[in-house]
Amino acid sequence: MFTTRGGLSNHMRVHRVPQRDPSLMPEPPANLTPNAPSPKVLEHHPLLNGLPCDAEGNFLNAGTPPPPWEDRPSTDWFPFEQGHPAFKLADLLYVQDQMSATNINDLLQVWAATLSEDQDPPFVNKEDLYETIDSVEVGKVPWQSFSVSYQGAGSSDPNGPSWKRAAYDVWFRDPRLVIKQQLGNCDFANEMDFAPKLADKIGEDPATHGATFCPVILGSDKTTISVATGQNDYYPLYVSNGLVHNNVRRAHRNALMLLGFLAIPKKVIRYADGHYRRMIYGLGPYIADYPEQVLLACISLPRCDAPFDNLDGGGGRRAHELTEQLMQTLGSKSLWDDYGIVDGIMPFTHGFPRADIHELLSPDLLHQIIKGTFKDHLVTWVTDYIEAIHTPAEAKRILTDIDNHIAAAPSFTGLRRFPEGRGFKQWTRDDSKALMKVYLPAIAGHVPPEMVCTISSFMEFCYLVCCSVIDDDDLVSINEAVKNFHCHRVTFDLVRPDGYSLPCQHSLTHYHHLIKEFGAPNGLCSSIMESKHIKAIKEPWHHSNHYEALGQMLVTNQHLDKLAAAQVDFRAQGMLQQALYGTTSVTVEDTTPPASQGLEEDEDEDGGAVDDDLLADVILSQKAIPHLPRHPDDLGDHLDLPHLHDAISCFLYEQINPDDDTPLDDVPQDRCPKVEGKVYVFPSAVALYYALSDRSGISGMFRERIRAVRSWRKGPGRCDTVFIVGNMVEEGFCGLLVAQVCLFLSIVHCRVTYPCALVEWFSTIGEEPCTDTGMWMVEPDFNAFGERAQSVIHLGSILRCAHLMPVAGNVFISQRVKFHNSLDAFQAYYVNKYIDHHAHEIAF
């Protein structure tokens, strides 16, 4: 797998790894990972191919540039009279801080008191701020309403149910204007497809040739604001378009917008790239969780007609015609008892010529897979199984040990910790996602291998369907994962005597077809709407006076849309390129070497999505740790690392002699250079890498902080583990190494600065992953003196963070093992490929 050699002092092991020159690395998205598969050529629809046209709908010659956007002076910040500062202040107060009206008034009054009589703050008061936002001309899609009421039997009965006599207001915005605003958003100019890929025969009407087909994606999900206040339920309807890429829709930008609150024309549209195109709308996927799907489809099994007591026994796609025939044939009781159909009610798409809700319902990763199958079923069944085959005392002991494994999971950027294991009363979406990352290795050894394989197969399915790009090979792997899951699932027969006829688990069988129909599911998951609830529903409600709050919430959403559209417009005009506040000067003790400059970030920040197209790289944090010795011998003595200078000398020899293939053991010690400059120690480094996942931004870049400190947040130390590029040719984990970072260093030698890291190595166990968990295993490396093998490597050879989980088998772990020392307490570790989607893609 890889080679280890003795170092100069025989107190370290040195792994020769290829040194990546960041300046030669390609820009994303070409640089997916060191061993990513080559991109495939896509076939576009030959007729609905999105040809550019002029504003009148006349097609343009190939290569014709788009007409220029409205050109106005760079000083035209209308309606913000004081220009850039006024716009930034409005965005800060209204969008970012969401300051209350009273506090806005107080702030502006204090501001005015600091100015001379001939000066004014950007806004006089809250009314002035709100009126200014109202005056923004872009992003204006007004709200409309109508009233509905029940007109059937009993509507006039004063003693009947109150809902039959009530009138209900429905608020909405013109969906064509909302979609037009999304399609014209300049932020999405390079994140949009104008023609279907590998599509079936559609668009046979010659009048549609050359047009762009835009699937309209809808989503609805009733949400509750506050149980204590009454009038707390809202029923928002969201809209997106099927042209933007999934990463745009998941990035919580304005690719998903509030369309209405509930109780296919052709036209020419100007797109984000500046071109006009003929447009054809069509109702596309509908995003909804399972209860919402039942409500929309008016049936308990919305997608297929499999028998409810044998869901995996087969069945075809449900359709309006089938429901009509059953209603004409059977009575109401039989309809409900045998088919789950409510007599006399048809879905809202009934009668639509080219839309059937049973076909439009999209997969729901959050409720079907994460919350449903994983949390509600598998985790519960494992507990039930342990309690069924063991005495109460022994079952409690085993479950406590599983909790201890979960609590002892080493720290990882963005990983939610479980100090008490699974022992919390109320699960959230984030709890379920976090537990999925560490649950499988925690139960291994305490349950039968077949049970571990069941959950491993499910995890493999889950991470495959969550990928942002899915190809034919992935579909084969998805089918194989579902097959293995069903094969191994019988191990739960003891606690599932009634079988496995469960809608959530049955949904796994539909994903192959739904992915072919709608594309990658992670761009259509209900979690997107739930995240949007916060900005569109819950925060506006919180800032209302809670009395007839809906109208206030609509105004707030309109203000937010206008400010977002204004920001896009100002950026497109190049008016936001210059920083408002200038640059910040940062100084550190002595002179910070050039390799560490350029990151002005909070050291406590873990990282997150990056919206700019940046080069993949690993960069030292900006500030070196002060008050540490700068000479390697003194630094080694101070940190109790007596062989630090030898490790640095070996590293410098490799850097100065990259073409020397002489084994390091044969290199005379006097040929290895001693450090002639200073050595700086840094608390962390930041890895930038391209990873199309739910954590990354629109451009697909993600920023991840890697730490190596002896005390983290006034507590124990934290030294993260990392993936290191070991072989640029091998695919997956075979091309990677794993190490734990002890120090981040910047070494100045002969006026050259070398960013590097002191690491402790792990070696791979075996030549293939664990057959039960599907994860590779590694063990710590030791030198001849029984010490952890260390060496210094170039920072450019680090790819990103890795996460290791202890391999304990059926041995109960000590209570002294905690998250901060678990990497020193075990003989073997799983390489956790389920820590995030990018790790799953590279650690297979």
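In this text the structure is predicted, and so the values were computed from the model without any measurement.
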Spatial distance of atom [atom1] ([X]) from atom [atom2] ([Y]) [nearest 0.5 Å]:
{"X": "Ser432", "Y": "Arg416", "atom1": "OG", "atom2": "CZ", "value": "9.5 Å"}
{"X": "His377", "Y": "Ile455", "atom1": "NE2", "atom2": "CD1", "value": "13.0 Å"}
{"X": "Asp289", "Y": "Leu361", "atom1": "CG", "atom2": "CG", "value": "11.0 Å"}
{"X": "Met529", "Y": "Ser240", "atom1": "CE", "atom2": "OG", "value": "11.5 Å"}
{"X": "Asp376", "Y": "His367", "atom1": "CG", "atom2": "NE2", "value": "10.0 Å"}
{"X": "Leu560", "Y": "Thr556", "atom1": "CG", "atom2": "OG1", "value": "6.5 Å"}

Where the side chain of [X] meets the backbone of [Y], is there a donor-acceptor pair that is under 3.5 Å apart?
{"X": "Ser145", "Y": "Val170", "result": "no"}
{"X": "Lys437", "Y": "Leu415", "result": "no"}
{"X": "His358", "Y": "Arg303", "result": "no"}
{"X": "Glu704", "Y": "Thr413", "result": "no"}
{"X": "Lys562", "Y": "Asp134", "result": "yes"}
{"X": "Thr349", "Y": "Ile357", "result": "yes"}

Side chains of [X] and [Y]: do they bring a donor and an acceptor to under 3.5 Å?
{"X": "Gln552", "Y": "His543", "value": "no"}
{"X": "Arg705", "Y": "Ser684", "value": "yes"}
{"X": "Ser411", "Y": "Asp720", "value": "no"}

Check: [Y] and [X] side chains under 4.5 Å, non-hydrogen atoms:
{"X": "Phe844", "Y": "Tyr463", "answer": "no"}
{"X": "Phe348", "Y": "Cys298", "answer": "no"}
{"X": "Leu365", "Y": "Tyr511", "answer": "yes"}
{"X": "Cys462", "Y": "Phe374", "answer": "no"}
{"X": "Arg173", "Y": "Met257", "answer": "yes"}
{"X": "Val239", "Y": "Leu218", "answer": "yes"}
{"X": "Leu296", "Y": "Pro347", "answer": "no"}
{"X": "Phe819", "Y": "Pro410", "answer": "no"}

If I compare all heavy atoms of [X] with all of [Y], which pair ends up nearest, and what's the gap?
{"X": "Ser468", "Y": "Asn522", "answer": "OG-ND2, 3.1 Å"}
{"X": "Tyr290", "Y": "Pro302", "answer": "CE1-CD, 4.0 Å"}
{"X": "Arg703", "Y": "Val686", "answer": "CG-CG1, 3.1 Å"}
{"X": "Gln182", "Y": "Asn241", "answer": "OE1-ND2, 2.8 Å"}
{"X": "Leu688", "Y": "Met701", "answer": "C-CE, 4.2 Å"}
{"X": "Ser220", "Y": "Tyr235", "answer": "CB-CE2, 4.0 Å"}

For Ala549, the side-chain contact (heavy atoms from CB on, under 4.5 Å) test, sequence neighbours excluded, returns Tyr234, Trp541, Ser544, Met553
Under the side-chain contact (heavy atoms from CB on, under 4.5 Å) test, which residues partner Glu137, sequence neighbours left out? Phe78
For residues 356-365, the salt bridge (charged side-chain N to carboxylate O under 4.0 Å, His left out) pairs (sequence neighbours left out) are Arg317-Asp356
Testing His506, His512, His513 one by one against His510 for a side-chain hydrogen bond (donor to acceptor under 3.5 Å, both in side chains), which residue passes? His506
Candidate pair Leu129 and Ile104, rule side-chain contact (heavy atoms from CB on, under 4.5 Å), full reasoning: CA-CA 9 Å; Leu129 170 64; Ile104 290 175; 3.8 Å; yes
Residues Tyr238, Asp221; criterion side-chain contact (heavy atoms from CB on, under 4.5 Å); working and verdict: CA-CA 9 Å; Tyr238 296 102; Asp221 183 22; 5.8 Å; no
Please list every donor-acceptor pair under 3.5 Å in which a side-chain atom of residues 89-97 meets a protein atom from a residue at least two apart or in another chain.
from	atom 1	to	atom 2	distance (Å)
Asp91	OD2	Gln96	NE2	2.7
Tyr94	OH	His559	ND1	2.9

Please tell me whether [X] and [Y] form a close aromatic pair, meaning their ring centres lie under 6.0 Å apart.
{"X": "Phe461", "Y": "Phe485", "answer": "no"}
{"X": "Phe188", "Y": "Tyr271", "answer": "no"}
{"X": "Phe702", "Y": "His838", "answer": "no"}

The criterion is side-chain hydrogen bond (donor to acceptor under 3.5 Å, both in side chains); which residues satisfy it with Asn185, sequence neighbours excluded? none
Which residues share a side-chain hydrogen bond (donor to acceptor under 3.5 Å, both in side chains) with Asn103, sequence neighbours left out: Ser100
Check this for me, if you would: do Arg571 and Asp187 make a salt bridge, where the nitrogen-to-carboxylate-oxygen distance has to be below 4.0 angstrom? yes
Do Lys833 and Glu460 meet the salt-bridge criterion of a basic N to acidic O distance under 4.0 Å? yes
From CA spacing to verdict: side-chain contact (heavy atoms from CB on, under 4.5 Å), Asp474, Asp471: CA-CA 5 Å; Asp474 295 323; Asp471 58 22; 3.0 Å; yes
Let me see the working for Gln368 and Gln293 under side-chain contact (heavy atoms from CB on, under 4.5 Å), right down to the final yes or no. CA-CA 12 Å; Gln368 292 173 341; Gln293 290 182 3; 4.2 Å; yes
Students often mix this up, so state it plainly: with edges at 30° and 60°, are the rings of Tyr834 and His840 parallel, tilted or perpendicular? parallel
